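Contents: one structure, followed by commentary.
Every value quoted in this text rests on a predicted model; they were computed, and no experiment measured them. Excluded from the calculations below are hydrogen atoms, water molecules and symmetry mates; all remaining heavy atoms, backbone and side chain alike, are included. All residue numbers refer to positions in the sequence shown, counting from 1.
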Amino acid sequence: MPQDEVRRQLLEQAREAQARNGGSGGSDDEIVRLCRSLYEAIVLADDANAQLANAFLGPLTDPNSTGFLEGFNKIDRPAPS
């Protein structure tokens, strides 16, 4: 796939995610740079950092994801007997 098509699809998906989450703004170059930084944090991370990055990324890409919030739900549950 040509690089310009990858960039077009990335920006389209990022803008759709912004709209779903009530956000807006950022130049195309800024969005590409931030997505690249997030990609590098996930791909180049060790297992612990990858889990943190995925917990952050989940709510950005999946409206049903709870990300870090799921940890609070686990705290509130009674321990198994």
Side-chain angles (χ1 to χ4, degrees):
M1 180 180 299
Q3 184 176 357
D4 60 335
E5 178 63 15
V6 171
R7 180 182 169 94
R8 187 194 66 73
Q9 287 184 17
L10 171 69
L11 291 168
E12 180 180 310
Q13 291 176 8
R15 297 291 185 196
E16 287 173 2
Q18 278 184 323
R20 278 193 311 272
N21 293 315
S24 64
S27 69
D28 288 354
D29 287 340
E30 181 180 21
I31 289 172
V32 170
R33 182 181 52 78
L34 291 171
C35 288
R36 177 67 187 195
S37 294
L38 182 59
Y39 167 81
E40 289 173 355
I42 293 170
V43 171
L44 303 177
D46 58 33
D47 287 342
N49 287 335
Q51 287 179 342
L52 292 173
N54 284 327
F56 174 76
L57 180 63
L60 296 176
T61 58
D62 178 3
N64 297 318
S65 174
T66 57
F68 289 114
L69 299 177
E70 184 60 30
F72 293 109
N73 292 335
K74 290 179 182 178
I75 291 170
D76 291 338
R77 286 190 299 218
S81 47

### Task
Decide side chain to side chain donor-acceptor pair (under 3.5 Å) for Glu5 and Gln9; before the verdict, give the C-alpha distance in whole Å, the side-chain angles of both, and the deciding distance to 0.1 Å.
CA-CA 6 Å; Glu5 178 63 15; Gln9 287 184 17; 2.9 Å; yes

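Partners of Arg15 by side chain to side chain donor-acceptor pair (under 3.5 Å), not counting sequence neighbours, listed by chain and number: Gln18, Asp28.
Distance CZ/Arg8 to CD/Gln13: 9.5 Å, rounded to 0.5 Å.
Annotation for Leu11: hydrophobic cluster partners, listed by chain and number, are Leu10, Ile31, Val32 (ILVMFWY side-chain heavy atoms under 4.5 Å, direct or chained).
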